[in-house]
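This one's a predicted model, so the numbers in the text were calculated from it and none came from an experiment. Every chain is numbered from 1, with letters handed out A, B, ... down the list of sequences.
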Protein chains: 2
Amino acid sequence: MITLSEENYLKAILSINLETKNIVSTNEIAGVLNTSPASVSEMIKKLEEKNLVNYEKYKGVSLSKSGEKLALEILRKHRLWETFLVNKLEFSWSEVHDVAEQLEHVKSKKLTNKLDHFLNYPKFDPHGEPIPSKNGIISPTKRVLLSEVPIKTKGIIMGVSTDESEFLDYLTQLNFKIGSKIKILDIILFDKSMKIQIGDKIEQISEEVTNNIHIKIIE
Amino acid sequence: MITLSEENYLKAILSINLETKNIVSTNEIAGVLNTSPASVSEMIKKLEEKNLVNYEKYKGVSLSKSGEKLALEILRKHRLWETFLVNKLEFSWSEVHDVAEQLEHVKSKKLTNKLDHFLNYPKFDPHGEPIPSKNGIISPTKRVLLSEVPIKTKGIIMGVSTDESEFLDYLTQLNFKIGSKIKILDIILFDKSMKIQIGDKIEQISEEVTNNIHIKIIE
DNA sequence: AATTATATTTAGGCATCCCTAAATAAATGT
DNA sequence: ACATTTATTTAGGGATGCCTAAATATAATT
């Protein structure tokens, strides 16, 4: 049996190595999980005994095949639940994380797959992050930062790179949602702010904001 | 903060005193939770310190106001999730219990209330048990055992009194569901089995079965 | 290459929640 | 009422998962 804590460690390792390299340090894990490095060392040993990670003292950790499989299942559940909360229960983006963090630990393959079906097999969660499939395949998206595209670009908002709720609330206010179609009408050279068309509105947003929005270019 | 274990104890105490009297013994709790009486004594003391139960050594336990409130919230969540699983995800009766047992511990008032709304404020769960309201009111149903009603009675199936999956599966096979309308066509004096009309079918069921089905008489 | 700084691990402890065995209180039978 | 049975509590211990402080390995600096 795998414990809740162990699941959180696997998830943390996966999420670190999705954004950076394959080998993860004790310190990074401690940072993500808000625990002490000492606790991490301890837990890593337990995970190694269960063959969920590969580990060499002082050299860092990587997920084993079965560890990665488990971690992807948790990530899948997390993102499916987030999708459920936003699409079905009308939660807003900024509220779903903590709840999904709890729901992701519910153990029932049947539940996960029925939920997937109920949601109509979504490929992306409300933050635009890909949802791993039943077999653990995570479709990579080629996304760019909104701040990096040229004038006249059309694209679909795919996600954000921060979870700060002030930021997310601001986006909600602007009506910027995952899947929203936007067009860059103008880029102000002086401060790199952008005039953006969304629906039939035009919004002016700063570089601080465009720097945190990912889009998929469609034209 | 209340722990998962504490929640399970509160829930156990509530469920025992819903079916029997108000004061619950250590042994009964141990029975429900599959733990040793010694562990129960220990935990009860912790719950008393948190003012969640009233307790006198050797005299048994009862829920305090705040303990009852918490227990009702957990029961509410359990029954809402069961309803969700059956009505939305197409689980069958007999499968939902273990999953709901996990989901009931997810902490988010907002989630519970949005789920309630999403399900259209159900009053009864798929087993026919009443769902406590937001303010902890649990609508009592005057139900009778199917085995106790006279011939020609019409009623609605409201629930069952056992969770054995063989029994539940048999009911599914007979197409006996919560809310199903039935009519007693005949009662065989010899073995008290009943001829029952359900939909446009007629089924013959034994006293062992009628003894475990609750109905609400409508005629 | 040696020293200093940083990262990681080990050691020793604490809280939670479980256990068995022994002690004690309450209930029951005669 | 007293002895016996049953219920409950106390005592002592184990696993998990966390902590701080100390020890040790690795990385960085000069």
Side-chain angles (χ1 to χ4, degrees), chain A residues 1-17 20-63 67 70-71 74 101-102 104-105 107, chain B residues 1-14 16-17 19-63 67 70-71 74 101-102 104-105 107:
Chain A
M1 219 21 236
I2 186 167
T3 67
L4 192 143
S5 252
E6 288 170 345
E7 289 197 349
N8 283 328
Y9 275 92
L10 293 178
K11 198 181 52 144
I13 297 168
L14 178 67
S15 84
I16 294 168
N17 88 35
T20 57
K21 65 276 147 187
N22 215 263
I23 283 188
V24 174
S25 77
T26 304
N27 250 11
E28 287 172 308
I29 299 172
V32 170
L33 294 179
N34 248 295
T35 56
S36 70
S39 302
V40 177
S41 283
E42 214 179 25
M43 178 60 96
I44 293 303
K45 270 191 269 174
K46 241 175 290 172
L47 293 174
E48 208 209 358
E49 265 163 38
K50 294 190 175 185
N51 285 312
L52 297 170
V53 298
N54 308 115
Y55 171 55
E56 251 185 284
K57 264 190 199 172
Y58 296 101
K59 296 269 172 80
V61 196
S62 65
L63 291 170
L70 275 173
I74 301 162
E101 200 97 314
Q102 297 178 66
E104 73 191 5
H105 298 292
K107 281 166 195 60
Chain B
M1 219 20 237
I2 186 164
T3 68
L4 194 141
S5 252
E6 289 169 345
E7 289 197 348
N8 282 329
Y9 275 90
L10 292 178
K11 198 181 51 142
I13 298 168
L14 178 67
I16 294 168
N17 88 35
E19 347 197 293
T20 57
K21 66 279 148 186
N22 215 263
I23 282 187
V24 174
S25 78
T26 305
N27 250 12
E28 287 173 307
I29 298 172
V32 170
L33 294 179
N34 248 295
T35 57
S36 69
S39 302
V40 177
S41 283
E42 211 180 25
M43 179 59 97
I44 292 303
K45 270 190 270 175
K46 241 177 291 171
L47 292 174
E48 208 210 356
E49 265 163 38
K50 294 190 175 187
N51 285 311
L52 297 171
V53 298
N54 307 116
Y55 172 54
E56 251 185 285
K57 264 191 196 171
Y58 295 102
K59 296 267 173 79
V61 197
S62 65
L63 291 170
L70 276 173
I74 300 163
E101 201 97 312
Q102 297 178 65
E104 73 191 5
H105 298 290
K107 281 164 195 61

Tell me the interatomic distance from [X], atom [atom1], to [N], atom [atom2], rounded to whole angstroms.
X: Leu4(B); N: dC17(C); atom1: CG; atom2: P; value: 9 Å
X: Lys45(B); N: dT10(D); atom1: NZ; atom2: P; value: 4 Å
X: Lys50(B); N: dT16(C); atom1: NZ; atom2: P; value: 8 Å
X: Tyr55(B); N: dA7(D); atom1: OH; atom2: C1'; value: 11 Å
X: Glu42(B); N: dG14(D); atom1: CD; atom2: P; value: 15 Å
X: His105(A); N: dG17(D); atom1: NE2; atom2: C1'; value: 15 Å
X: Lys59(A); N: dT24(D); atom1: NZ; atom2: P; value: 19 Å
X: Leu47(B); N: dT9(D); atom1: CG; atom2: P; value: 13 Å

Report task. Taking the side chain as every heavy atom from C-beta outward, state whether Ile44(B) and Val40(B) have any pair of such atoms under 4.5 Å apart. Result -> yes
Report task. For residues Asn8(A) and His105(A), determine if any side-chain heavy atom of one lies less than 4.5 Å from a side-chain heavy atom of the other. Result -> yes
Query raised in the report: Counting N and O atoms only, with roles assigned by atom type, does the side chain of Lys45(A) sit under 3.5 Å from a partner on the main chain of Tyr55(A), one being a donor and the other an acceptor?
Result: no
At under 4.0 Å, does any side-chain N or O of [X] touch on OP1 or OP2 of [N]?
X: Tyr58(B); N: dT10(D); result: no
X: Tyr9(A); N: dC18(D); result: yes
X: Lys46(A); N: dA15(D); result: no

Query raised in the report: 5'-most contact on DNA chain D: Ala38(A) or Gly60(B), nearest heavy atom basis?
Result: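 This one resolves to Gly60(B).
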Which nucleotide in [options] has an atom nearest any side-chain atom of [X]:
X: Asn27(A); options: dA7(C), dT9(C), dT9(D); answer: dA7(C)
X: Thr3(A); options: dG17(D), dC17(C), dT8(D); answer: dG17(D)
X: Ser36(B); options: dT24(C), dT9(C), dT20(C); answer: dT20(C)

Sugar-phosphate, base or nothing in reach of [X], heavy atoms under 4.0 Å:
X: Thr35(B); answer: sugar-phosphate
X: Ser41(A); answer: base
X: Thr26(A); answer: sugar-phosphate
X: Asn34(A); answer: sugar-phosphate
X: Lys57(A); answer: sugar-phosphate

Query raised in the report: Would you call Glu48(A) and Lys57(A) a salt bridge, taking side-chain N to carboxylate O under 4.0 Å as the test?
Result: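 No, this pair does not count.
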Query raised in the report: Are Leu70(B) and Glu7(B) close enough, and set up right, to give a side chain to side chain contact (heavy atoms under 4.5 Å, CB included), and what steps lead you there?
Result: CA-CA 8 Å; Leu70(B) 276 173; Glu7(B) 289 197 348; 5.8 Å; no
